[in-house]
Amino acid sequence: MKYSKQSGDGSRQYELVPTTQGPLYPPSEAMDQQGNFVVVGRINREGALGGSAEWGAALVAPSEAPSFGRHSPYTVVEELDLSDSERLREIVLHTLPLPLPANNYHMLFAPEQNPDAHSVTRPSVPFHLVRYPDERDIDGPKRLPPITLARWMAAKGNLTVRYSIDGGPAEFELVMSGLLPNSLYTVMTLKAWDLRPDNPTRPGPLGIPNVFVSSNDGFGYYKATLPDPFPQEGNRVINVIVLWMSEQRSYAGAIGHYGLGGDVHAQLKLQSNSFYDINSA
């Protein structure tokens with residue numbers, strides 16, 4: 001994570017890095033052709049679990065997840081070298097099947113819209129072949145070529161946060177490049193209590209609507225204001241995540257129908273949870 005402070009103006013700048021990971025279970029929000037998790041993010045290993053897990057890249061076999069809030073080592077099938085573009089081009093990204101494998105986060109992401117989300121059964125599908133709900137050929141659905149890990153990792157972005165030193169509203173501005181072209185993206189926040197073991201809160205969008213469509217060249221821009229994202233005591237925003245929407249739709253106040261690789265796929269985020277120095281006591 002990188003940030004710089006412009007003296008006295010209540011502004012921070014952060015780097016968004018490419019990822020395939022939301023929380024640590026399931027290990028990622030993308031699979032390969034063999035049904036392994038394609039993990040670019042924090043890798044749970046012996047002696048380095050949870051918050052101490054180091055950032056890396058690997059293919060990880062599905063296995064039973066520990067109870068929510070606990071961690072166990074991933075079953076690593078292959079370590080990945082992100083500089084090996086030839087190997088990364090061989091890995092075609094897929095959605096996670098439903099119900100989600102290796103999942104211990106049983107949050108309903110769209111409780112009003114989809115209260116039966118956990119009962120849906122669906123196979124893993126290549127990203128580029130996901131069917132858009134209610135699509136018809138006569139409507140001209142836009143399709144991309146197979147989406148490889150090499151193409152996914154081309155994304156990069158910068159986040160500027162502008163806030164008042166007295167608290168209250170803060171503006172978030174994202175400028176991104178290398179995204180999948182002509183695609184629907186959404187932006188979400190992760191808050192401090194979203195992943196706590198007892199009584200977690202539901203992750204939410206960064207603004208409503210929280211959508212943008214990338215350009216033909218993969219450029220993206222988004223800006224939104226939250227009313228009080230950094231209270232001195234309370235449920236603070238600690239990360240911002242850019243999601244590629246495989247079904248090419250958004251869900252208003254929910255981040256997705258199924259989440260976590262079922263229909264939302266994290267592509268950019270802050271490498272470390274941040275913002276602790278903004279308006280903190």
Checklist entry - Do other residues, nucleotides or ligands put more than 12 heavy atoms under 6.0 Å from Asp198 CG? => result no
Checklist entry - Can you check whether Val40's main-chain N or O pairs, donor with acceptor, with Thr19's side chain at less than 3.5 Å? => result yes
Item to check | For the student: nearest non-hydrogen atoms of Tyr222 and Asn210, plus distance | outcome: OH-CA, 3.2 Å
Checklist entry - Under a 4.5 Å cut-off applied to non-hydrogen side-chain atoms, are Met31 and Pro62 in contact? => result yes
Checklist entry - Applying the 4.5 Å side-chain criterion to the ILVMFWY set and letting contacts propagate, would Met245 and Leu98 be lumped into a single cluster? => result yes
Item to check | side chain to side chain contact (heavy atoms under 4.5 Å, CB included) between Thr160 and Phe172, worked out | outcome: CA-CA 6 Å; Thr160 300; Phe172 297 76; over 6 Å; no
Checklist entry - What's the verdict on ring-ring contact (aromatic ring centres under 6.0 Å, His included) for His94 and Phe127, showing C-alpha distance, side-chain angles and the deciding distance? => result CA-CA 5 Å; His94 290 56; Phe127 276 3; 7.7 Å; no
Item to check | Pair Arg249 + Asp263: basic N to acidic O under 4.0 Å | outcome: no
Checklist entry - Considering all heavy atoms of both residues, which atom of Pro181 and which atom of Arg151 are nearest to each other, and what is their separation? => result CD-NH2, 3.6 Å
Checklist entry - Taking side chain as C-beta onward, heavy atoms only, is Pro169 less than 4.5 Å from Leu226? => result no
Checklist entry - Mind checking whether Asp32 and Leu59 have side chains closer than 4.5 Å, heavy atoms only? => result yes
Checklist entry - Step by step, would you call Tyr14 with Phe275 a ring-ring contact (aromatic ring centres under 6.0 Å, His included)? => result CA-CA 10 Å; Tyr14 301 84; Phe275 312 131; 4.9 Å; yes
Item to check | Phe109 vs Leu260, side chain to side chain contact (heavy atoms under 4.5 Å, CB included): CA-CA, chis, key distance, verdict | outcome: CA-CA 10 Å; Phe109 291 94; Leu260 304 183; 3.8 Å; yes
Item to check | Enclosure of Asp139 CG (heavy-atom neighbours >12, cutoff 6.0 Å) | outcome: yes
Item to check | Min side-chain heavy-atom separation Arg236-Pro231 under 4.5 Å | outcome: yes
Next on the checklist: Between Asn104 (side chain only) and Pro66 (backbone N and O only), is there a donor and an acceptor less than 3.5 Å apart?
Outcome noted: yes
Checklist entry - Within the distance-only criterion (no hydrogens, no angle test), does the side chain of Ser177 pair as donor or acceptor with the backbone N or O of Phe219 below 3.5 angstrom? => result no
Item to check | Side-chain donor or acceptor of Ser28 paired with backbone N/O of Val38 under 3.5 Å | outcome: yes
Checklist entry - Any donor-acceptor pair under 3.5 Å linking the side chain of Ser124 with the backbone of Thr95? => result yes
Checklist entry - Checking Ser250 side chain against Ala252 main chain: does a donor-acceptor pair fall under 3.5 Å? => result no
Next on the checklist: Minimum heavy-atom separation for Pro197 and Pro200, please, with both atom names.
Outcome noted: O-CD, 4.2 Å
Checklist entry - Would you say Val240 and Ile208 are hydrophobically clustered, going by side-chain heavy atoms of ILVMFWY under 4.5 Å? => result no
Item to check | Rounded distance [0.5 Å steps], CG in Leu179 versus CG in Asp217 | outcome: 11.0 Å
Next on the checklist: So that I can tick it off, tell me whether Arg202 and Glu112 are bridged by a salt bridge, with the cut-off set at under 4.0 angstrom between side-chain N and carboxylate O.
Outcome noted: no
Next on the checklist: Apply salt bridge (Lys or Arg N to Asp or Glu O under 4.0 Å) to residues Glu79 and Arg87 and explain how you reach the verdict.
Outcome noted: CA-CA 11 Å; Glu79 303 284 355; Arg87 176 66 182 113; over 6 Å; no
Item to check | Candidates Tyr258, Trp244, Trp152 - the one meeting ring pair (Phe, Tyr, Trp, His ring centres under 6.0 Å) with His265 | outcome: Trp244
Item to check | Heavy-atom pair of closest approach, residues Pro229 and Gly168 | outcome: CD-O, 3.5 Å
Item to check | Main-chain N/O of Gln21 paired to Glu29 side chain as donor or acceptor, under 3.5 Å | outcome: no
Checklist entry - Any idea which heavy atoms bring Asn216 and Asn182 closest together, and the distance? => result OD1-ND2, 3.1 Å
Item to check | Residues Arg89, Glu86: salt bridge by 4.0 Å N-O rule | outcome: no
Checklist entry - So, for Gly253 and Pro205, which heavy atoms are closest and what is the spacing to 0.1 Å? => result O-CD, 3.4 Å
Checklist entry - Looking at Asn103, Val39, Thr20, which hits side chain to side chain contact (heavy atoms under 4.5 Å, CB included) with Pro27? => result Val39
Item to check | Arg196 charged N/C atom sitting above Phe68 aromatic ring, 6.0 Å / 45° | outcome: no
Checklist entry - Quick one: are Gln267 and Val242 in side-chain contact, heavy atoms under 4.5 Å? => result no
Checklist entry - Between Tyr25 (side chain) and Pro101 (backbone), is there a donor-acceptor pair under 3.5 Å? => result no
Checklist entry - Would Ser11 and Val161 count as a side chain to side chain contact (heavy atoms under 4.5 Å, CB included) if you check the C-alpha gap in whole Å, the side-chain angles of each, and the deciding distance to 0.1 Å? => result CA-CA 6 Å; Ser11 177; Val161 181; over 6 Å; no
Checklist entry - Hey, are Glu173 and Arg162 close enough for a salt bridge, meaning a charged N less than 4.0 Å from a carboxylate O? => result yes
Next on the checklist: Test your reading of the model: is there a side-chain donor-acceptor pair from Tyr74 to the backbone of Ala58, 3.5 Å cut-off?
Outcome noted: no
Checklist entry - Could you go step by step and tell me if Tyr221 and Met176 meet the side chain to side chain contact (heavy atoms under 4.5 Å, CB included) rule? => result CA-CA 6 Å; Tyr221 177 82; Met176 298 149 285; 5.5 Å; no
Checklist entry - Any idea how His118 and His106 line up, ring-wise: parallel (<30°), tilted (30 to 60°), or perpendicular (>60°)? => result perpendicular
Checklist entry - Are Leu82 and Leu270 joined in one hydrophobic group, where the rule is that I, L, V, M, F, W and Y side chains link up if heavy atoms are under 4.5 Å apart? => result yes
Item to check | Side chains of Pro26 and Phe37 in contact at under 4.5 Å (non-hydrogen atoms) | outcome: yes
Checklist entry - If you measure from the Lys or Arg side-chain nitrogens to the Asp or Glu carboxylate oxygens, is any gap between Glu135 and Arg143 under 4.0 Å? => result yes
Next on the checklist: Let me confirm one number: the OG-CD distance from Ser164 to Glu171, rounded to the nearest 0.5 Å.
Outcome noted: 13.0 Å
Checklist entry - Are any of the side-chain heavy atoms of Met107 and Pro23 separated by less than 4.5 Å? => result no
Checklist entry - Looking at CD of Gln232 and CD1 of Ile278, how far apart are the two atoms once the value is rounded to the nearest 0.5 Å? => result 12.5 Å
Checklist entry - Would you say the side chain of Thr186 lies within less than 4.5 Å of the side chain of Phe212, judging by non-hydrogen atoms? => result no
Checklist entry - How far does OH of Tyr163 sit from CG of Asp228, to the nearest 0.5 angstrom? => result 14.0 Å
Checklist outcome for this item: CD1 of Ile241 to CD1 of Ile255, rounded to nearest 0.5 Å, is 7.5 Å
Next on the checklist: Atom CZ of residue position Arg70 - does it have more than 12 heavy atoms of other residues, nucleotides or ligands inside 6.0 Å?
Outcome noted: no
Checklist entry - Distance-only, no hydrogens or angles: does the Arg42 side chain make a donor-acceptor pair with backbone N or O of Gly56 under 3.5 Å? => result no
Next on the checklist: Val213: which residues meet the side chain to side chain contact (heavy atoms under 4.5 Å, CB included) condition with it, sequence neighbours left out?
Outcome noted: Leu184
Next on the checklist: Using 0.5 Å steps for rounding, measure from the CG atom of Leu206 to the CE atom of Met188.
Outcome noted: 10.0 Å
Checklist entry - Are Glu247 and Arg131 within salt-bridge range, i.e. N to O under 4.0 Å? => result no
Next on the checklist: Connecting only ILVMFWY residues whose side-chain heavy atoms lie within less than 4.5 Å of each other, what is the rest of Leu129's hydrophobic cluster?
Outcome noted: Val125, Val130
